[in-house]
Amino acid sequence: MNFEQSGQARPSCKRKNKEIETVEAQKQDLAAALAKELPLDEETVFGLIIPCKLPEHGDLSFPCFTLAKSMRKNPALIARELAEKFTDHPVGTVTAAGPYLNVKLDESNIAAKTLTDIFDSEQYGSSDKGEGQTIVIDYSSPNIAKPFGIGHLRSTVIGRAIKNLFEYQGYKVIGINHLGDWGTQFGLMIAAWKRWSDEYDENKDPVDQFYKFYVKINALTREDKSVKEEARGYFRKLEEGDEEATKLWHFFRDTSLEEFEKIYKLLGVQFEYKQGEAFYNDKMEPILKKICDKGLAEESEGALIVDLDKRDTNLGKVLLKKGDGATLYATRDLTAAYYRAETFKPAKILYVVGMPQKQHFHQFFKVIELMGEEWASGLNYVGFGHYVGMSTRGGTLVFLREVLDRTSAMAKEIAQGLKSREQIELTDEEVNTVAQAVGIGAVIFFDLKSRRAKDLEFDFDRLLNLKGDTGPYVQWTYARCCGILRKNDREITADVDFSLITGDEARALLKMLLRFPAQAQKALDQYEPSLIASYLLDLSRAANSFIHVNNVIKSEDGLRNARALLIHCTRKVLGQGLKILGIEALEKM
RNA sequence: GCCCCUAUAGUACAACGGAUAGUACAAAGGAUUCCUAAUCCUUAGAUCUGGGUUCGAUUCCCGGUGGGGGUACCA
């Protein structure tokens with residue numbers, strides 16, 4: 001494999017950026033070489049090349065079945081003939097295995113290219129392809145005066161990871177926490193507060209108490225119809241800017257937000273904007289007028305709707321205004337979308353919201369599309385499944401604290417074990433830091449490790465199990481690499497003898513490292529942080545296997561430097577992956 | 001009723017239409033002269049069902065069954 005060639009321009013398949021090249025470049029070279037011998041163009045050949053599943057097959061593979069048809073020849077024969085043409089070819093060792101043409105790339109070249117790339121780059125696999133483009137991402141979005149649910153936790157964690165993935169490719173990303181801070185329920189909240197405010201205890205969880213008020217007043221409306229009227233009156237006052245009502249609204253909002261902030265702090269999440277629904281309150285009328293002017297809206301049963309069923313869709317009807325003239329969810333989301341499109345001029349607007357709301361989003365996307373807005377194509381719904389088998393009693397903060405309590409105990413126990421084996425010593429403060437990072441890491445990783453659209457089974461024991469497919473395993477691998485580099489205590493340099501990096505474990509590890517840029521891109525394309533999570537597990541396994549059989553500090557100079565470089569690069573990629581997911585990487589644990 | 005999603009070892013999850021369906025937990029066995037054993041190495045175990053497309057289907061299409069969600073005045 002001639003790596004120098006990879007920088008050359010290829011007319012048929014253009015490269016997006018330098019970093020992605022590493023793995024793709026080799027495929028490109030192979031495709032170019034094969035295309036010369038075959039009645040297919042380079043792009044077609046490129047699309048057919050697959051990575052080998054088994055290491056003994058090599059690195060890249062070209063199945064000859066499609067050719068068998070057009071060439072009217074046995075695919076195994078085609079493979080054999082091709083292999084003969086590629087003896088001593090710079091792409092690598094080419095062999096025929098049945099109907100497959102396998103290519104084994106030169107090992108020390110892979111090592112040299114990959115490790116030098118990682119060593120030299122600030123952020124391996126990042127790029128500036130998104131430069132000049134803005135992405136708006138709407139995530140987390142809890143409701144004021146209601147518990148921060150586990151669904152909001154998912155939205156927060158998934159949204160943040162997707163945000164990081166975009167930033168990794170140079171996009172400017174605006175994260176918006178679209179708070180549920182408006183609507184008739186605030187009338188109810190004020191009515192409740194009027195009745196029971198003296199029951200409110202500042203020392204207890206405020207959101208929990210608000211929610212109890214809310215449930216209680218709701219029950220009351222069923223007994224006494226006048227309460228609903230009263231609440232509606234309060235909400236009207238709020239809309240009119242009445243001083244007392246506004247003050248209470250601020251109180252509910254600020255107090256709830258303060259509580260939510262504790263969760264965000266634990267997770268390490270920050271938003272560019274916290275523009276809730278209230279923010280769009282005075283912006284809805286012009287949008288409604290626009291939709292009416294376009295002739296999309298109609299009156300039905302006293303309400304204002306857009307009937308999408310009439311427009312070749314099966315999306316149902318979108319309610320813009322209730323019979324009493326009040327606006328709804330869809331109205332506010334439409335308004336928010338217009339506001340964001342006009343204010344930020346984004347390439348895309350993403351909504352990270354649970355699957356049950358899929359139809360709602362597709363409905364109002366469709367309305368915008370029917371309005372003829374060209375930015376409609378940039379609207380993306382990023383749904384996720386919910387946890388099953390989880391009790392949401394106590395809310396998310398209580399849940400997180402329970403996780404932290406338990407990991408804290410485990411961390412202490414493990415630290416004690418490490419100390420007694422004289423392996424590593426941690427101060428009490430360090431143990432606490434580790435416990436917190438591991439607990440939060442476990443929660444985040446659990447959430448991100450499977451594909452977002454699927455429901456996932458919640459299991460406390462599985463989450464807290466520090467073995468196996470978990471965030472702590474990845475964190476631990478990172479810390480282990482740090483430990484080795486600490487003890488190595490030499491300056492890392494990319495000027496090493498790459499031919500010394502040999503063996504199955506080293507080769508597997510290198511191939512994993514090589515995959516990272518393409519994987520980061522794929523995760524971004526699919527809005528799928530789980531691809532990073534599963535990659536980190538694969539990388540960690542490869543790293544631990546390597547470390548197990550390849551000692552660094554007991555090796556002779558040249559070998560020691562080469563292995564240290566490999567560990568250094570592994571540590572770097574692990575750290576970058578963890579950072580994308582929003583999980584803290586620890587030097588010691 | 002209609003619409004959408006989903007079905008893989010005992011369990012939880014993977015698998016651009018490609019070779020022997022991966023990984024983890026749990027189970028059985030092994031490694032502690034180990035730079036962090038929160039580790040590593042073995043073993044055993046799975047594609048809901050019936051058709052179709054294809055050289056090739058867990059993957060794509062159609063039917064069935066099971067599970068989840070949505071189906072206008074909540075968000």
Side-chain angles (χ1 to χ4, degrees), chain A residues 47-48 50-54 57 61 63-66 68-69 75 97-100 102 141 143 146 180 182-185 277 300-307 314-324 326 328-330 332-333 353-360 362-363 383 385-386 388 410-411 413-414 417-418 421 423-424 438 446 449-451 453-459 461-462 465-470 472-473 475-477 479-488 505 522 530-531 534 537-538 540-541 544-555 560 563-564 567 588-589:
Chain A
L48 288 169
I50 51 168
C52 292
K53 276 189 182 167
L54 299 172
H57 287 149
S61 189
C64 300
F65 302 104
T66 21
K69 207 171 195 179
Y100 292 89
N102 291 332
S141 312
N143 298 315
K146 287 189 186 165
W182 204 250
T184 39
Q185 72 267 29
E277 299 188 286
S300 168
E301 296 172 35
L304 187 68
I305 68 158
V306 177
D307 190 344
N314 53 12
L315 288 167
K317 297 172 172 68
V318 184
L319 209 48
L320 298 177
K321 258 188 178 179
K322 299 204 281 189
D324 65 2
L328 288 120
Y329 191 32
R332 289 190 278 268
D333 268 334
V353 186
M355 277 310 210
Q357 293 180 57
K358 184 175 178 175
Q359 183 171 330
H360 159 75
H362 285 151
Q363 279 181 337
H386 60 271
V388 293
M410 286 190 275
E413 204 177 306
I414 290 168
L418 289 170
R421 275 180 273 132
Q423 279 173 330
I424 196 162
V438 165
F446 187 83
K449 82 173 171 188
S450 43
R451 297 196 81 101
K454 288 173 78 170
D455 287 349
L456 66 146
E457 188 102 359
F458 180 80
D459 185 339
D461 293 332
R462 205 182 282 276
N465 192 341
L466 304 182
K467 293 194 275 184
D469 284 350
T470 66
Y473 175 66
Q475 286 173 308
W476 181 83
T477 309
R480 198 179 183 192
C481 291
C482 290
I484 291 170
L485 295 169
R486 215 169 25 241
K487 293 211 170 139
N488 181 49
E505 289 81 8
K522 195 172 164 191
S530 70
L531 294 180
S534 54
L537 288 172
D538 287 340
S540 296
R541 274 191 287 272
N544 282 314
S545 296
F546 172 80
I547 290 168
H548 197 71
V549 291
N550 297 282
N551 198 300
V552 176
I553 65 173
K554 285 183 184 166
S555 309
R560 174 166 169 169
R563 286 178 176 173
I567 297 292
K588 290 182 189 176
M589 65 183 275

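The structure presented is a predicted model; accordingly, all values stated were derived computationally and were not measured.
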Asker: What contact category does G323(A) fall into here, base, sugar-phosphate, or nothing, at under 4.0 angstrom with non-hydrogen atoms?
Answerer: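 Touches a base.
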Asker: Of the candidate nucleotides U54(B), C35(B), A38(B), which contains the atom at the shortest distance from the side chain of I484(A)?
Answerer: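 Ranking U54(B), C35(B), A38(B) by closest atom to the I484(A) side chain puts C35(B) first.
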Asker: Just the rounded figure in Å: distance from C1' of A27(B) to NZ of K467(A).
Answerer: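 Checked: the NZ to C1' distance equals 12 Å.
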Asker: Between R462(A) and D469(A), does any side-chain N to carboxylate O distance fall below 4.0 Å?
Answerer: no
Asker: Between G17(B) and C60(B), how many Å separate the two P atoms, rounded to a whole number?
Answerer: 8 Å
Asker: Restricting to non-hydrogen atoms, name the atom on P63(A) and the atom on L48(A) that form the minimum distance, rounded to 0.1 Å.
Answerer: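 Scanning both residues, the minimum pair turns out to be CD-O, 3.3 Å.
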Asker: Identify which nucleotide among C4(B), A38(B), U36(B) has an atom closest to any side-chain atom of A479(A), counting heavy atoms from C-beta outward.
Answerer: U36(B)
Asker: Quantified in whole Å, what is the C1' atom distance between nucleotide A57(B) and nucleotide G51(B)?
Answerer: 14 Å
Asker: Once you round it to whole Å, what is the distance between C1' of C2(B) and NZ of K317(A)?
Answerer: 12 Å
Asker: Just how far, in rounded Å, is C1' of A72(B) from CG of D324(A)?
Answerer: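 Going from CG in D324(A) over to C1' in A72(B) covers 14 Å.
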Asker: Using a 4.0 Å heavy-atom cut-off, write out nucleotides 11-19 of chain B from 5' to 3' as B (base contacted by protein), S (sugar-phosphate only) or - (no contact).
Answerer: BSSSSB-BB
Asker: What is the distance from NE2 of H360(A) to C1' of C4(B), rounded to the nearest Å?
Answerer: 16 Å
Asker: Using heavy atoms to find the nearest nucleotide of RNA chain B for K358(A) and I414(A) separately, return the residue whose nucleotide is more 5′.
Answerer: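 Its nearest nucleotide lies further toward 5', so the answer is K358(A).
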Asker: How many angstroms lie between NZ in K69(A) and CZ in F65(A), if you round to the nearest 0.5 Å?
Answerer: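 Spacing of NZ (K69(A)) from CZ (F65(A)) equals 13.0 Å.
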Asker: For the pair made of CG in N143(A) and P in C74(B), what is the distance, rounded to whole Å?
Answerer: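 After rounding, the gap between these two atoms is 14 Å.
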Asker: Counting side-chain heavy atoms from CB outward, which of U36(B), A75(B), C35(B) is closest to R480(A)?
Answerer: U36(B)
Asker: Roughly how far apart, to the nearest Å, are A44(B) and U59(B) at atom P?
Answerer: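 Nearest-Å result for A44(B) against U59(B) at atom P: 26 Å.
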Asker: Flag the pair Q357(A) / D333(A) as yes when at least one side-chain heavy-atom distance between them is below 4.5 Å, and no otherwise.
Answerer: no
Asker: Less than 4.5 Å apart, side chain to side chain, heavy atoms only: is that true for V353(A) and S141(A)?
Answerer: no
Asker: Distance-only, no hydrogens or angles: does the Q423(A) side chain make a donor-acceptor pair with backbone N or O of L418(A) under 3.5 Å?
Answerer: no
Asker: Describe the nucleic acid contact of S300(A) in one word from base, sugar-phosphate, nothing, applying a heavy-atom distance below 4.0 Å.
Answerer: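 Counting heavy atoms under 4.0 Å across all strands, the contact made by S300(A) includes a base.
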Asker: So if I take every side-chain heavy atom of N544(A) and compare against U36(B), C40(B), C35(B), which nucleotide ends up nearest?
Answerer: C40(B)
Asker: Expressed in angstrom and rounded to an integer, what is the separation of E277(A) atom CD from A75(B) atom P?
Answerer: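 It works out to 7 Å between those atoms.
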Asker: Report the C-alpha distance between Y329(A) and H360(A) in whole Å, list the side-chain angles of each, state the deciding distance to 0.1 Å, and finish with yes or no for ring pair (Phe, Tyr, Trp, His ring centres under 6.0 Å).
Answerer: CA-CA 9 Å; Y329(A) 191 32; H360(A) 159 75; 3.8 Å; yes
Asker: For the pair R332(A) (side chain) and G180(A) (backbone), establish whether a donor and an acceptor sit closer than 3.5 Å, ignoring hydrogens and angles.
Answerer: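 Such a contact is absent between R332(A) side chain and G180(A) backbone.
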Asker: For I567(A), report the nucleic acid contact type (base, sugar-phosphate, nothing); a contact means any heavy atom under 4.0 Å.
Answerer: nothing
Asker: Partner lookup for U65(B), please. Criteria are Watson-Crick or G-U wobble with both distances under 3.5 angstrom; report none if nothing qualifies.
Answerer: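 The base-pairing partner of U65(B), which may sit in any strand shown, is A7(B).
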Asker: To the nearest angstrom, how far is Q423(A) atom CD from A37(B) atom C1'?
Answerer: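 Those two atoms, CD and C1', are 7 Å apart.
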Asker: Students often get this wrong, so: under 4.0 angstrom with heavy atoms, is D307(A) touching a base, only sugar-phosphate, or nothing?
Answerer: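 No contact at all - D307(A) keeps every heavy atom at 4.0 Å or more from the nucleic acid.
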Asker: Of the non-hydrogen atoms in S555(A) and R563(A), which two are nearest, and what is the gap between them?
Answerer: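 Closest approach of S555(A) to R563(A), heavy atoms only: OG-NH1, 3.1 Å.
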Asker: With a 3.5 Å limit on both atom pairs, tell me what U33(B) is paired to, counting Watson-Crick and G-U wobble, or say none.
Answerer: none
Asker: Can you tell me if CD on E413(A) sees more than 12 non-hydrogen neighbours from other groups inside 6.0 Å?
Answerer: no
Asker: Across the strands shown, which category fits N551(A) at heavy-atom distances under 4.0 angstrom: base, sugar-phosphate, nothing?
Answerer: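 The residue N551(A) makes base contact.
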Asker: Going by purine N1 to pyrimidine N3 plus the second Watson-Crick contact, or the G-U wobble pair, all under 3.5 Å, which nucleotide sits opposite U23(B)?
Answerer: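 Partner of U23(B): A12(B).
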Asker: In whole angstrom, give me the gap between the P atoms of U43(B) and A21(B).
Answerer: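 Nearest-Å result for U43(B) against A21(B) at atom P: 15 Å.
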Asker: Does C2(B) have a Watson-Crick or wobble mate here (both distances under 3.5 Å), and if so which one?
Answerer: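 Paired with C2(B), as far as the under-3.5 Å criterion goes, is G70(B).
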Asker: Considering Watson-Crick and G-U wobble pairs with both distances under 3.5 Å, what does G18(B) pair with?
Answerer: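 Its partner is C55(B) (Watson-Crick or G-U wobble, both distances under 3.5 Å).
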Asker: Quick one: is A75(B) close enough that its OP1 or OP2 comes under 4.0 Å of any side-chain N or O from Q357(A)?
Answerer: no
Asker: Determine the Euclidean distance between corresponding P atoms of U47(B) and A9(B); express it in Å to zero decimal places.
Answerer: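 That atom pair is separated by 7 Å.
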Asker: Pick the C1' atom in U8(B) and in C41(B), then give their distance to the nearest Å.
Answerer: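 U8(B) and C41(B) have their C1' atoms separated by 26 Å.
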Asker: Across the strands shown, which category fits L328(A) at heavy-atom distances under 4.0 angstrom: base, sugar-phosphate, nothing?
Answerer: sugar-phosphate
Asker: Quick check for you: among A38(B), C35(B), C25(B), whose closest atom lies nearest to any side-chain atom of N465(A)?
Answerer: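 Within the option list, the nearest is C25(B).
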Asker: Expressed in whole Å, how much space separates the C1' atoms belonging to C61(B) and U53(B)?
Answerer: 7 Å
Asker: Which one is paired to U47(B), where only Watson-Crick or G-U wobble pairs with both distances under 3.5 angstrom count?
Answerer: none
Asker: By the 4.0 Å heavy-atom rule, please label M589(A) as base, sugar-phosphate, or nothing.
Answerer: base
Asker: Just how far, in rounded Å, is P of U36(B) from OH of Y473(A)?
Answerer: 16 Å
Asker: With RNA chain B as reference, determine whether I553(A) or I305(A) sits nearer its 5' end, using the nearest nucleotide of each.
Answerer: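 Closer to the 5' end of RNA chain B: I553(A).
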Asker: How long is the gap from CD1 on I567(A) to CG on N550(A), to the nearest 0.5 Å?
Answerer: 8.0 Å
Asker: Using atom C1' in both nucleotides, what's the gap between G1(B) and G10(B) to the nearest angstrom?
Answerer: 38 Å
Asker: Test for a donor-acceptor pair under 3.5 Å between the base of A72(B) and the side chain of E301(A), counting only N and O atoms.
Answerer: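 Donor-acceptor pair under 3.5 Å: yes.
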